[in-house]
2 protein chains.
Amino acid sequence: MDSNIPVTIKDVARLAGVSIATVSRALNESDVVKDQTRKAVLEAVEKLGYNRNEVARSLKFRQTRTIGIIAPELSNIFFMEVVEALERCLAPKGYSMIITSSYDSVEEEKRKLQILIERNVDGMVVMPSGSEGEHFLSKALSNIPLVLVDRRIKGLKVDSVETDNRFGVHKMIQALNNEGFSRIGFIGGDPDIHTAGERLHGYLEAMAEHNLPVEDRFVLHQGAMTQLNGREQLKKALSESDHPDAFFIANDSMHLGATIHAIENVQEQELKKLVFASFDYLSYAPLLKLCHYAVSQQFEQIGEEVAALLLKRLGGDWEDFPKHVMLRPEIKVIKANGGVPFEQGEQGLMENQADEGNTADLCSYF
Amino acid sequence: MDSNIPVTIKDVARLAGVSIATVSRALNESDVVKDQTRKAVLEAVEKLGYNRNEVARSLKFRQTRTIGIIAPELSNIFFMEVVEALERCLAPKGYSMIITSSYDSVEEEKRKLQILIERNVDGMVVMPSGSEGEHFLSKALSNIPLVLVDRRIKGLKVDSVETDNRFGVHKMIQALNNEGFSRIGFIGGDPDIHTAGERLHGYLEAMAEHNLPVEDRFVLHQGAMTQLNGREQLKKALSESDHPDAFFIANDSMHLGATIHAIENVQEQELKKLVFASFDYLSYAPLLKLCHYAVSQQFEQIGEEVAALLLKRLGGDWEDFPKHVMLRPEIKVIKANGGVPFEQGEQGLMENQADEGNTADLCSYF
DNA sequence: CTGAAAGCGCTAACAG
DNA sequence: CTGTTAGCGCTTTCAG
């Protein structure tokens, strides 16, 4: 009864007593075909449980309605928020997503790129794992729209969408300074990591901007941006008797680690004086009691911008290529922990800028 | 120079001065072809930047080397951990993954299922969004291996892999009882949600098992399993003057919410008495200071089991169909917060059981 | 060892 | 309105 080979358009045609062309037409340009015939076709389809073969259509049309995605790791919640937004924008247009992981290795990234090319994806979204990017210039890629997310690659003419990291850090330093801190430490990771580097630069720039002293002993930027490293870096900083009370911490994992270290090892008196500002505002933010200010990246918006850009290119519009969209993050002031809101004018300005950031291509923030 | 149409096997054949059949052979069964010819072909491939067209191969072979995935939401970190493990197992075998979201709607799940069928995926992994499952019996699906993750559907003969929720709850209740608590409250969600229901049942079973009193006023199982609801349910429980001190909380979001509520609203004296046990042990667990015990699901292992099962079916082995793999979660005792380790024998037993769980198909836990 | 030709399932001229 | 046919890019007999 249940034959094991799938039913094709041919089977439908035979059962409906028409030609395969008619079946095809009945299923697509339904207005050309006689009502009665279409009904017969549809009945046959129903009876046989026919599903159309997208692979065959893809071959014919030379397009797969598929977007390839390469992430450094799939369990990265940030990137998956972006992917979620992508799906929401692309699925209604008939696109599916093939998702792959580069395991943060450039070699693996190249391999996955090759696989996606062979699978004829119509477009690609890549969160690059390194700062190398020659493989994105592959000839095959010249026909495939590509959007880089979160990290741009130096000198590479490719569309990209990213958070304005430096803007976020500037705001954090400004807020801490505003609250009365002039000595502000930095806890981050190896500047070779794109976001680590951007945030370190932002920090240095902002400190200079506000004429604040940069004390090398308290500018810690080694190793991975992990919870463990966050613990250790803060421990190291606090081991110096004249450490600053305020720290900017470059990401959520390190922030978590630093907070845990502080809560577990610093005496009440000292603890009360400690103040953090950090990147990313996640579900457990209310437990990070030392945090006064946080930069909250707009992942959904990033996904939407990526999708819009991709769809534009897929539609054949290359007018403003390469476009680098830089989105302003939201700034959270955590009053419950002692964060001091920006002044009225300041705040208003910030909001305006943020609004511009939604749609415009911003490159500077002053 | 850069023609816009992709280079095909034909172009390679022409340049190499051979037939397309020879190109195909040179690229695949490399031993049949003369060394010299192969070299010529490979050179042409290089020169033209040829990439083979997987779509055409898929059509020919009637298989796409693609696995379709349906998740209730892509930003669900649990599921993405599973997907990450899947990628790690499947990618080396040449499989890619098409990932889609059902937005936790059965309707959308059906739609996505249809799309994946049309795209000729070789297999599917679905985390069902509801308890309905008739659509998984579709005729087209009879040829496509399908593995359900995290939730089984009543009476549906389909392979599945899930965490042994009840075992986890039993262990939590046992641990709390062991520590001296006989009154234990329950904070969870609407039992219609699969995990919420399983955990509620586990709680009721375990309480009966240990002859502990179930007080309806403190068995709260309404609404979504969200942070907000966690806050509110705990608040409600604590508003009764004779509330228990120990609570089992059914998932991480509610746990987070409950903890935040307690820290912010309960006085020191009361706070010290409060003890939680909960599902899921995440990066921020060290901040959940009321938590003595946690059930830590083995997502990686789940992914590996799913991959193994899928590959088995793809290899044509349907021997033990339908197979329901139930994996024992790891039990965390958080001593820093006051958790009391299981007794020696108990602990040993537990570890043994957990080891068995890695490989065996466990259905009961006593 | 290599080439010619059929065919995977579908669409789109082109004729009727 | 409908049928015939060529062809999307590739693999694979079947002959040489």
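Throughout, protein chains are lettered first and strands after them, A, B, ... in sequence-line order, and every chain is numbered starting at 1.
Rounding to whole angstrom units, CD of residue Glu54(B) and C1' of dC10(D) are separated by 10 Å. Rounded to an integer number of Å, the gap from Leu59(B) CG to dG7(D) C1' is 12 Å. Here dT4(D) presents its P atom at 13 Å from NZ of Lys10(A), a figure rounded to the nearest Å. Distance Asp11(B) CG to dG9(D) C1': 11 Å, rounded to the nearest Å. Straight-line distance from the NZ atom of Lys34(B) to the P atom of dG3(C): 10 Å, rounded to whole Å. Distance CD1 (Ile20(A)) to P (dC14(C)): 18 Å, rounded to an integer number of Å. As rounded to whole Å, 16 Å separates atom C1' of dG7(C) from atom CD1 of Ile9(A). In this structure, Asn53(A) places its CG atom 12 Å from P of dC8(C), rounding to the nearest Å.
A donor and an acceptor atom, one from each side chain of Arg52(A) and Asn28(A), are located under 3.5 Å apart. Under the 3.5 Å distance criterion, with hydrogens and angles disregarded, no donor-acceptor pair is assigned to the side chains of Gln301(B) and Glu305(B). Remark: the Arg65(A) side chain and the Ser58(A) side chain contain no N/O donor-acceptor pair separated by less than 3.5 Å.
Closest to the Lys60(B) side chain, of the nucleotides dG7(C), dG9(C), dG3(D), is dG7(C). Minimum atom distance to the side chain of Arg25(B) is reached by dT12(D), of the listed dT12(D), dC10(D), dG3(D). Proximity note for Thr8(B) (side chain, C-beta onward) versus dT2(C), dC10(D), dT12(D): the nearest is dC10(D).
Using a 4.0 Å heavy-atom distance criterion, Val23(B) is classed as making no nucleic acid contact. Here Val55(B) lies out of heavy-atom contact (under 4.0 Å) with every strand.
Note on Arg52(B): every side-chain N or O is 4.0 Å or more away from OP1 and OP2 of dG9(D). The shortest distance between the side-chain N/O atoms of Thr37(A) and the OP1/OP2 oxygens of dT2(D) is below 4.0 Å. Distances shorter than 4.0 Å separate some side-chain N or O of Ser19(A) from OP1 or OP2 on dG3(D). At dG3(C), one or more side-chain N or O atoms of Thr22(B) fall inside 4.0 Å of OP1 or OP2 (strictly under the cut-off). For Ser24(A) and dT11(C), the shortest distance from a side-chain N or O to OP1 or OP2 is below 4.0 Å. For dT11(D), the OP1/OP2 oxygens have a side-chain nitrogen or oxygen of Asn28(B) closer than 4.0 Å.
A 6.0 Å sphere centred on CD of Glu81(B) holds more than 12 heavy atoms belonging to other residues, nucleotides or ligands.
No hydrogens or angles were tested; on distance alone, nothing pairs the side chain of Arg62(A) with the base of dG7(D) as donor and acceptor under 3.5 Å.
Between His135(B) and the choices Arg111(B), Gln114(B), Glu109(B), Lys110(B), the side chain to side chain donor-acceptor pair (under 3.5 Å) rule is met once, by Glu109(B).
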